[in-house]
Amino acid sequence: MRELISPHYQQVEVDVPGSAANLGLWFDGAGVALRKPVLKAVLRPTEGTGIEYETISSSTTPSGRVRGYAGAEALAQYMHELGVQQGLELSYEEVSAGGFPTGGTGLSGAESVGAVLAAAILFDQSPSVKAVIRASAKGEPGGHKDNVAPSTLGGVVFIAADLLSGETLFRRVNPSKEFGLAMGFSSHQKVGGTEATRSVLQDLVDPSILTKQVSLASIGTLALARGNINDFLRVVSQDRFHESRRADAGLYGNFGANEFSGLKRELYVRHKVGLAVSGAGPNMQFWYSTREYPKGINDKATDTILTWFDQHGINMKVENVGIANNGAYRLAKSKYPRSPLALGK
């Protein structure tokens, strides 16, 4: 084994934006970086060969999750790939006020991206964006990339498997400033975690649903890329695949797909707000125009949201989070301009 400790840095700090996945129509094929919350990963060399990790947080840990574990797992595998045996201390601080209040904002993905990038800088490495995403995904259950990709790149990232080459394609869109995003943090607790939410998606998809879904997703992607917020708000809430099945299974709370569709329709027609489930739920994404809501979603739209969920026994906390244009990769390069990562060596 080799020791490749950088002569320049004995401590590395990397800021990583949180993320939200699925974005309604795109399921595991898209994710968005959030302006808040932001996670700070701090990596220091220590004596020995093991990895110690801790998280400084006042937030409640989501059920079944150990803060810092995903980052330590991704870091351990990245170190193995480098062929480096070195003791490390990995710690996390939640930069944004309020931190990561619950699941649904890509906490584990942010941990993994921060750990890998910090190690790359500490050990004088210059991995590509794809290499960082690939290494970071190893800290995620199932290796999913829909959270780690936007935390790495910023903006909205579309993900697809290239069946010809076997590679994964990542395409980033930097939305116009007119695209606003708020998160709804639900008091409803999932039973069985993300795997349970996937089990209700095993049945075959009706061909008519598939056709409609692809058409809507195409319109939504064009709207996002071209800055057409009105078209995006029209379609982002119209998923026919995972949200309706999970709603009928009670995974988002005490309501079914028809009731949920009624709320989506009301939010768009009355308030020009698009609703999509964040990740596997039960947290929500509320998309809006910053022209319509220059100070963030509030007043009547928020009242409609809170009242509806309250009637179903759910406390929903709505927070404006915004979209982060800069991902951790660019932030790390800017903070450490002398590093091989920044210099492209």
Side-chain angles (χ1 to χ4, degrees), residues 1-17 19 38-57 61 64-95 106-145 147-149 151-153 166-168 170 327-345:
M1 303 295 285
R2 299 172 293 154
E3 290 197 1
L4 300 175
I5 290 291
S6 165
H8 299 299
Y9 310 108
Q10 289 299 305
Q11 174 174 303
V12 175
E13 299 180 2
V14 176
D15 288 344
V16 188
S19 64
V38 175
L39 192 73
K40 182 189 294 294
V42 182
L43 189 64
R44 306 179 185 90
T46 63
E47 299 294 330
T49 59
I51 297 174
E52 302 174 5
Y53 63 93
E54 66 171 350
T55 301
I56 302 171
S57 171
T61 302
R65 185 168 298 169
V66 177
R67 289 183 181 267
Y69 175 81
E73 181 70 15
L75 176 59
Q77 296 197 47
Y78 184 62
M79 294 288 288
H80 180 74
E81 289 181 13
L82 294 182
V84 178
Q85 190 172 19
Q86 168 67 49
L88 294 169
E89 179 184 288
L90 174 64
S91 61
Y92 295 101
E93 301 174 14
E94 293 172 359
V95 176
L107 173 58
S108 60
E111 289 176 356
S112 299
V113 171
V116 170
L117 276 170
I121 293 170
L122 189 66
F123 293 101
D124 279 342
Q125 301 297 302
S126 182
S128 66
V129 166
K130 285 187 177 181
V132 171
I133 294 172
R134 177 184 56 78
S136 301
K138 293 182 179 180
E140 290 279 281
H144 293 289
K145 301 177 177 67
N147 282 115
V148 299
S151 284
T152 303
L153 284 165
E167 297 181 356
T168 302
F170 302 97
Y329 195 88
R330 182 178 295 178
L331 293 172
K333 289 172 65 175
S334 177
K335 189 165 186 175
Y336 296 95
R338 295 168 55 200
S339 69
L341 183 76
L343 297 174
K345 294 182 178 180

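Worth saying up front: this structure is predicted, and the values here are computed from it rather than measured.
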To the closest 0.5 Å, what do you measure between [atom1] ([X]) and [atom2] ([Y])?
X	Y	atom1	atom2	result
Ile51	Leu75	CD1	CG	4.0 Å
Gln11	Ser91	CD	OG	7.5 Å
Met79	Gln86	CE	CD	6.5 Å
Leu117	Leu331	CG	CG	9.5 Å
Leu107	Ser151	CG	OG	10.0 Å
Asp124	Arg338	CG	CZ	10.0 Å

Subject >> Partner set under ring-ring contact (aromatic ring centres under 6.0 Å, His included) for Tyr336, not counting sequence neighbours >> reply: Tyr9

**OP:** Ignoring hydrogens and angles, tell me if any N or O in the side chain of Ser126 forms a donor-acceptor pair with the backbone of Pro340 under 3.5 Å.
**Re:** yes

Original post:
Do you know the tightest heavy-atom contact between Val148 and Val113?
Top reply: O-CG2, 3.6 Å

Please identify each residue that fulfils side chain to side chain contact (heavy atoms under 4.5 Å, CB included) with [X], with sequence neighbours left out.
X	value
Pro127	Tyr78, Ala120, Gln125, Ala131, Val132, Leu341
Ser334	none
Ala41	Tyr92

Subject >> Results of side-chain hydrogen bond (donor to acceptor under 3.5 Å, both in side chains) for Glu52 - residues two or more places apart only >> reply: none

Original post:
Can you name the residues that form a side-chain hydrogen bond (donor to acceptor under 3.5 Å, both in side chains) with Lys40, not counting sequence neighbours?
Top reply: Asp15

Subject >> Phe170 vs Ile133 side-chain heavy atoms within contact, under 4.5 Å >> reply: yes

Subject >> Any Gln10 side-chain heavy atom under 4.5 Å of Pro45 side chain >> reply: yes

Subject >> Residue pairs involving residues 41-50 (criterion salt bridge (charged side-chain N to carboxylate O under 4.0 Å, His left out); sequence neighbours excluded) >> reply: Arg44-Glu89

**OP:** Check the pair Gln77, Glu73 against side chain to side chain donor-acceptor pair (under 3.5 Å), reporting the backbone distance first and the verdict last.
**Re:** CA-CA 6 Å; Gln77 296 197 47; Glu73 181 70 15; 3.2 Å; yes

